[in-house]
> 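This is the structure, below, for whatever I ask next.
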Protein chains: 2
Amino acid sequence: MPRPVDLERSAARREAITVAAADLFARHGFENTTATDIARAAGLSSGTVFYYFTDKRAVFRSIFERDIPVLRELVDRALACDDPVAAVLTMVDELAADALDPNASGILVELLRQIDRDPELLRVVTGNDAILLDGFTTLIERGIEAGAVDPGLDAREAAAWIVHLVDAAYLGADPARDPRPMLRRLVTRFLAPPTADPPTGEQG
Amino acid sequence: MPRPVDLERSAARREAITVAAADLFARHGFENTTATDIARAAGLSSGTVFYYFTDKRAVFRSIFERDIPVLRELVDRALACDDPVAAVLTMVDELAADALDPNASGILVELLRQIDRDPELLRVVTGNDAILLDGFTTLIERGIEAGAVDPGLDAREAAAWIVHLVDAAYLGADPARDPRPMLRRLVTRFLAPPTADPPTGEQG
DNA sequence: GTCTATACACCGATAGAC
DNA sequence: GTCTATCGGTGTATAGAC
């Protein structure tokens with residue numbers, strides 16, 4: 001009886017290719033990274049890359065497909081929190097933590113660049129973004145009901161801006177400088193109702 | 001007596017190449033835009049591009065070399081203003097106005113991508129950025145002295161974040177949605193001293 | 001100054017051996 | 001499943017005619 005394909009080993013190989021490719025794409029860009037480069041970095045050969053992935057684009061997409069469960073878990077945890085504004089800040093904090101990765105800015109830029117050139121990639125990251133956007137929107141709506149967030153804000157638009165703020169933190173990513181204190185200040189003050197005193201800044 | 005080179009004509013040719021290239025780079029990316037594409041779009045031939053520019057990279061750089069006088073003028077005007085916070089908001093507004101250009105996001109992303117690959121480009125945009133950064137820093141320092149800005153802020157770091165906010169607006173650029181109201185809200189509240197009441201939001 | 005033509009190099013994806 | 005070898009296609013930059 002034929003041995004079934006070793007799914008575990010296959011998954012590990014795919015993962016190795018994805019991880020190696022993410023690093024190369026972030027540092028050198030999509031077009032400047034050859035399939036051979038990826039193969040070498042993953043410790044295998046060019047042909048093998050095309051055995052596991054149909055395209056070079058598919059390798060790129062796989063980087064972001066891995067995020068789905070992570071983001072979902074992040075949002076679920078935030079939604080379980082009692083204080084909506086605190087939950088927003090926690091989400092922002094955790095997202096921004098990745099900005100300390102030296103490749104963070106590179107991979108985001110590359111994503112923004114490729115997103116218009118690959119409809120399938122657009123589909124993937126639109127899904128990722130929707131998870132975040134829905135999470136933030138729900139939290140902001142709760143905050144408005146609780147009187148902790150400016151009711152003049154459109155919840156969805158505000159949510160989109162918070163995502164943009166996190167993206168901005170990625171872009172200015174300097175591994176030596178933690179963006180989180182400033183992000184907290186921005187988000188806190190952005191959401192605060194007009195009448196309340198702004199919270200005292202806790203950062204330098 | 002030989003006619004001197006027609007400097008005006010040369011400048012116009014260079015400009016035509018730069019403008020055509022900016023559009024193509026923004027839409028298709030640097031690597032996906034060929035020198036021949038640029039030449040065709042500018043109404044001339046491939047060889048001519050390399051007569052006016054040493055490199056394809058040099059064509060890309062020329063896009064940002066044009067910005068220097070514009071930015072300098074923008075900052076000078078802001079520095080002449082009496083109210084420092086209002087001046088910051090004016091600068092942000094004018095910078096963000098460009099975000100309505102459908103190519104805004106594309107060209108910014110492409111810049112971010114190429115900046116690590118071309119030291120000469122880095123030099124150019126570092127200069128551009130310094131003009132903005134110095135302008136914002138001075139205004140914020142003035143605001144702190146006048147008691148209109150949180151003295152707990154580091155002026156230069158705050159200035160950098162304001163630039164990041166403008167970049168964020170570019171990234172989320174949607175020609176149908178004017179980012180300026182939200183940007184004003186973000187910047188105003190970001191700078192406000194802890195004791196003062198936050199200004200009432202004027203946006204929907 | 002501007003064009004055409006091309007040298008030279010490189011890459012994505014496939015074919016086929018093992 | 002993984003490799004080596006390769007084909008077809010493409011792009012930068014130059015050379016040389018005009």
Side-chain angles (χ1 to χ4, degrees), chain A residues 1-25 27-63 110 113-114 117-121, chain B residues 1-25 27-63 110 113-114 117-121:
Chain A
M1 129 180 155
R3 189 178 51 200
V5 272
D6 189 337
L7 289 176
E8 208 162 309
R9 186 186 170 79
S10 290
R13 277 270 198 273
R14 266 187 76 102
E15 174 81 3
I17 295 172
T18 300
V19 170
D23 178 61
L24 291 170
F25 286 149
R27 292 201 336 250
H28 308 306
F30 182 80
E31 287 91 347
N32 298 317
T33 300
T34 72
T36 311
D37 291 338
I38 298 172
R40 191 160 30 231
L44 32 81
S45 195
S46 157
T48 309
V49 172
F50 292 102
Y51 173 77
Y52 284 101
F53 296 91
T54 63
D55 256 347
K56 207 173 83 166
R57 316 203 79 89
V59 180
F60 188 76
R61 282 195 299 268
S62 72
I63 300 169
E110 210 53 32
R113 237 177 68 89
Q114 297 302 329
R117 275 155 217 152
D118 180 2
E120 185 60 20
L121 174 64
Chain B
M1 134 179 154
R3 191 177 49 201
V5 271
D6 189 339
L7 289 175
E8 208 162 309
R9 187 185 170 80
S10 290
R13 277 269 199 272
R14 266 187 77 103
E15 173 81 3
I17 294 173
T18 301
V19 170
D23 178 60
L24 291 170
F25 286 149
R27 293 201 338 250
H28 309 306
F30 181 80
E31 287 91 347
N32 298 318
T33 300
T34 73
T36 311
D37 292 338
I38 298 171
R40 190 160 31 231
L44 31 80
S45 195
S46 157
T48 309
V49 172
F50 292 101
Y51 173 78
Y52 283 100
F53 296 92
T54 64
D55 258 344
K56 206 173 86 168
R57 315 201 80 89
V59 180
F60 189 75
R61 282 196 299 269
S62 72
I63 299 169
E110 210 54 31
R113 228 178 76 87
Q114 297 302 330
R117 275 154 219 153
D118 180 1
E120 184 61 18
L121 174 65

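Computed from heavy atoms alone, side chains included, the values below leave out hydrogens, waters and symmetry copies. Per chain, numbering begins at 1; letters A, B, ... match sequence-line order. Since we're looking at a predicted model, the values are computed, not measured.
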> Hey, is the side chain of A:Arg14 poking within less than 4.0 Å of OP1 or OP2 on D:dG1, counting only N and O atoms?
no
> Please determine whether a side-chain nitrogen or oxygen atom of A:Tyr52 lies at a distance below 4.0 Å from atom OP1 or OP2 of D:dT2.
yes
> Checking B:Thr34 now: which residues fulfil side-chain contact (heavy atoms from CB on, under 4.5 Å) with it, not counting sequence neighbours?
B:Thr36, B:Asp37
> Sequence neighbours left out, what passes side-chain hydrogen bond (donor to acceptor under 3.5 Å, both in side chains) with A:Arg14? Give chain and number order.
none
> Hey, can you pull the residues of residues 31-38 of chain B with a non-hydrogen atom under 4.0 angstrom from DNA chain D?
B:Thr33, B:Thr34, B:Ala35
> Are OP1 or OP2 of C:dT2 and a side-chain N or O of B:Arg13 less than 4.0 angstrom apart?
yes
> A side-chain contact here means heavy atoms from C-beta on lying under 4.5 Å apart; do A:Glu120 and A:Arg61 qualify?
yes
> Answer with base, sugar-phosphate or nothing: what part of the nucleic acid does B:Arg9 contact at a heavy-atom distance below 4.0 Å?
sugar-phosphate
> Rounded to whole angstroms, how far apart are CZ on B:Phe50 and C1' on C:dA5?
15 Å
> Could you pull out all residues at least two apart from B:Asp23 that satisfy salt bridge (charged side-chain N to carboxylate O under 4.0 Å, His left out)?
B:Arg27
> Taking only side-chain N and O atoms of B:Thr48, does any of them lie within less than 4.0 angstrom of OP1 or OP2 on C:dG1?
no
> Between B:Phe60 and B:Glu110, is there a side-chain heavy-atom distance shorter than 4.5 Å?
yes
> Please determine, for the side chain of B:Ser10, which listed nucleotide (D:dT2, C:dG1, D:dT4) has the closest atom?
C:dG1
> For A:Glu31, check salt bridge (charged side-chain N to carboxylate O under 4.0 Å, His left out) against everything at least two apart and list the hits.
A:Arg113, B:Arg113
> CD1 of B:Ile17 versus P of C:dG1: gap in Å, rounded?
13 Å
> Grab the CZ-P distance between A:Arg40 and D:dT4 for me, whole Å please.
11 Å
> Please tabulate, for side-chain N and O atoms in residues 43-53 of chain A, each donor-acceptor pair with protein atoms closer than 3.5 Å (sequence neighbours left out).
unit_1, atom_1, unit_2, atom_2, d
A:Thr48, OG1, A:Ser45, O, 3.4

> OP1 or OP2 of C:dG1 versus the side-chain N and O atoms of B:Tyr51: is any pair under 4.0 Å?
yes
> Give a yes/no answer on whether the side chain of B:Ser45 brings an N or O atom under 4.0 Å of OP1 or OP2 in C:dT2.
no
> Between A:Glu8 (CD) and D:dG1 (P), how many Å, whole number?
13 Å
> Looking at D:dT2, C:dA13, D:dT12, which one has an atom nearest to any side-chain atom of B:Lys56?
D:dT12
> How many Å lie between CZ on A:Phe30 and P on C:dC11, as a whole number?
13 Å
> Could you tell me how far apart B:Leu44 (CG) and D:dC18 (P) are, to the nearest whole angstrom?
21 Å
